[in-house]
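A short write-up of the structure that comes next.
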Amino acid sequence: MEHWYKKGDALLEELASTALPPEQLAVWYLGQCGFAFKQGQTVLLIDAVLSDLTGPNGSRRHYPAPFAPEQLRADFVLCTHGHADHMAKDTLLGLQSGCNARFILPAGCRAQAAEFGLEENRVAFVQEGSVLSLPGVTVHAFSAAHPEHVLDPADPRMALGYQLDFGGFTVVHLGDTYLTEHLFETLTALPKPDLLLAPINGQDFFRTRRNCIGNLEAEEAAQLAVRLGADCTIPTHYDMVQNNTVDPLRFVAALRQLDPAAKFALPALGERMIFQR
């Protein structure tokens with residue numbers, strides 16, 4: 001069964017050739033929590049897994065990667081935390097060898113980045129409150145609870161979310177997280193997101209028992225989207241990893257019940273979306 005709307009050379013060509021005016025932002029869904037963004041000529045990836053994920057029983061992926069990471073030209077590559085379905089060694093090394101990307105990682109992942117073999121001069125480490133002004137985008141980092149908030153920059157359990165400001169178009173990517181008072185206060189203090197990317201795979205006893213940390217429930221993510229006044233929300237973290245999936249229509253149903261006028265998107269894998277500021 002084919003999972004990708006667009007992949008391989010066709011997707012790579014679209015990423016390379018897309019040229020939009022400054023008031024527009026192109027967004028591609030790459031599965032799980034992975035996205036590519038392009039405004040002008042700047043390409044930014046976040047939590048993209050462009051390589052296999054293996055476990056004791058072989059591949060953990062429901063579908064293959066769309067292309068090899070060394071085939072993609074990206075300017076900035078962000079990871080929210082050190083788990084393999086967000087910070088994949090083979091993906092990062094492929095991007096390092098294939099383009100001149102700069103990597104932006106949580107401070108707690110410093111040892112992991114060195115173990116991977118990432119070139120130190122190409123990595124910026126951030127933590128809660130960090131702000132990076134980059135060509136085409138400003139990155140604001142905030143603490144995520146996965147499963148609790150970790151603020152010690154030396155702690156490898158650190159997980160972050162990112163607010164991305166593309167010239168006045170605000171994207172909030174929550175990474176993996178539970179909702180806590182600390183996170184809710186942080187998010188309500190930020191500008192209303194034009195685009196909110198929120199995990200919806202929830203948690204349960206059996207996944208927790210096998211050390212699979214959960215996330216927001218679909219209904220909880222819908223409530224958060226409404227309370228933050230997000231212009232559009234895309235649910236994440238529901239489709240790529242075997243035994244850790246959920247029906248995204250749960251999120252849609254909850255959002256519709258809370259606010260029938262609320263906007264959402266359920267992009268296909270490899271689908272390009274264009275947002276207008």
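Heads up: numbering here begins at 1 and tracks the sequence.
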Would you call [X]-[Y] a salt bridge at under 4.0 Å N-O?
X      : Y      : value
Glu115 : Lys89  : no
Asp231 : Lys192 : no
Lys7   : Asp9   : no

Between [X] and [Y] (side chain of the first, backbone of the second, donor and acceptor by atom type, cut-off under 3.5 Å), is there such a pair?
X      : Y      : value
Asn201 : Val246 : no
Gln96  : Leu93  : no
Arg61  : Val241 : no
Lys38  : Val27  : no

More than 12 heavy atoms from other groups under 6.0 Å of [atom1] on [X]:
X      : atom1 : value
Gln257 : CD    : no
Tyr5   : OH    : no
Arg256 : CZ    : yes
Glu2   : CD    : yes

Less than 4.5 Å apart, side chain to side chain, heavy atoms only: is that true for [X] and [Y]?
X      : Y      : value
His62  : Thr245 : yes
Gln39  : Arg277 : yes
Val123 : Leu105 : yes
Ile104 : Val77  : no
Glu14  : Leu11  : yes
Met240 : Val49  : yes
Leu44  : Asp75  : no

Test item: side-chain donor near acceptor, [X] and [Y], under 3.5 Å:
X      : Y      : answer
Ser59  : Thr54  : no
His86  : Asp176 : yes
Glu128 : His182 : yes
Thr80  : His173 : no
His146 : Thr177 : no
Asn244 : Tyr238 : no

Between Phe35 and Trp28, ring centroids under 6.0 Å: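 No - the distance between ring centres of Phe35 and Trp28 does not fall below the 6.0 Å cut-off.
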
According to a hydrophobic-cluster definition based on side-chain heavy atoms being under 4.5 Å apart (Ile, Leu, Val, Met, Phe, Trp, Tyr only), do [X] and [Y] belong together?
X      : Y      : result
Leu118 : Leu50  : yes
Leu179 : Phe142 : yes
Ile234 : Val137 : yes
Leu255 : Tyr29  : yes
Tyr178 : Leu224 : no

Rounded to the nearest 0.5 Å, how far apart are [atom1] of [X] and [atom2] of [Y]?
X      : Y      : atom1 : atom2 : result
Arg122 : Cys99  : CZ    : SG    : 6.5 Å
Leu196 : Leu187 : CG    : CG    : 8.0 Å
Leu174 : Thr236 : CG    : OG1   : 7.5 Å
Leu190 : Thr170 : CG    : OG1   : 8.5 Å
Thr138 : Leu132 : OG1   : CG    : 9.0 Å
Ile46  : Leu197 : CD1   : CG    : 7.5 Å

Lys/Arg cation over aromatic Phe76: Arg102, 6.0 Å, 45° cone: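 Relative to the ring axis of Phe76, which defines the angle, Arg102 lies outside at least one limit.
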
Tabulate below the donor-acceptor pairs under 3.5 Å that side-chain atoms of residues 159-169 make, not counting sequence neighbours, or state none.
| from | atom 1 | to | atom 2 | distance (Å) |
| --- | --- | --- | --- | --- |
| Tyr162 | OH | Cys79 | O | 2.7 |
| Asp165 | OD1 | Gly167 | N | 3.4 |
| Asp165 | OD1 | Gly168 | N | 2.7 |

Verdict with reasoning, Asn215 to Gln203, per side-chain contact (heavy atoms from CB on, under 4.5 Å): CA-CA 6 Å; Asn215 281 310; Gln203 60 84 33; over 6 Å; no

Compare every heavy atom of [Y] with every heavy atom of [X], then report the nearest pair and how far apart it is.
X      : Y      : answer
Phe125 : Pro106 : CD2-O, 3.5 Å
Leu30  : Ala48  : CD1-CB, 4.0 Å
Ala84  : Leu53  : O-CD2, 3.3 Å
Val126 : Met158 : O-SD, 4.0 Å
Cys109 : Met87  : SG-SD, 3.9 Å
Asp85  : Gln32  : OD2-NE2, 2.7 Å

Derivation of the side-chain contact (heavy atoms from CB on, under 4.5 Å) call for Leu78 and Asp47: CA-CA 6 Å; Leu78 281 68; Asp47 280 0; over 6 Å; no

Gln24 and Gln276: CA distance, side-chain angles, deciding distance, side-chain contact (heavy atoms from CB on, under 4.5 Å) verdict: CA-CA 5 Å; Gln24 292 184 337; Gln276 179 85 28; 2.8 Å; yes

Test side-chain contact (heavy atoms from CB on, under 4.5 Å) applied to Ala221 - qualifying residues, sequence neighbours left out: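 Partners of Ala221 by the side-chain contact (heavy atoms from CB on, under 4.5 Å) criterion, ordered by chain and then number, come out as Ala198, Ile200, Leu216, Phe251.
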
With a 3.5 Å cut-off and sequence neighbours excluded, list the donor-acceptor pairs that the side chains of residues 265-275 form with protein atoms.
| from | atom 1 | to | atom 2 | distance (Å) |
| --- | --- | --- | --- | --- |
| Glu271 | OE1 | Ala268 | N | 2.8 |
| Arg272 | NH1 | Thr18 | OG1 | 3.0 |

Pair Leu151-Ser143, side-chain contact (heavy atoms from CB on, under 4.5 Å): steps then yes or no: CA-CA 7 Å; Leu151 303 181; Ser143 175; 3.7 Å; yes

Pair Thr180-His149, side-chain hydrogen bond (donor to acceptor under 3.5 Å, both in side chains): steps then yes or no: CA-CA 9 Å; Thr180 66; His149 291 283; 2.6 Å; yes

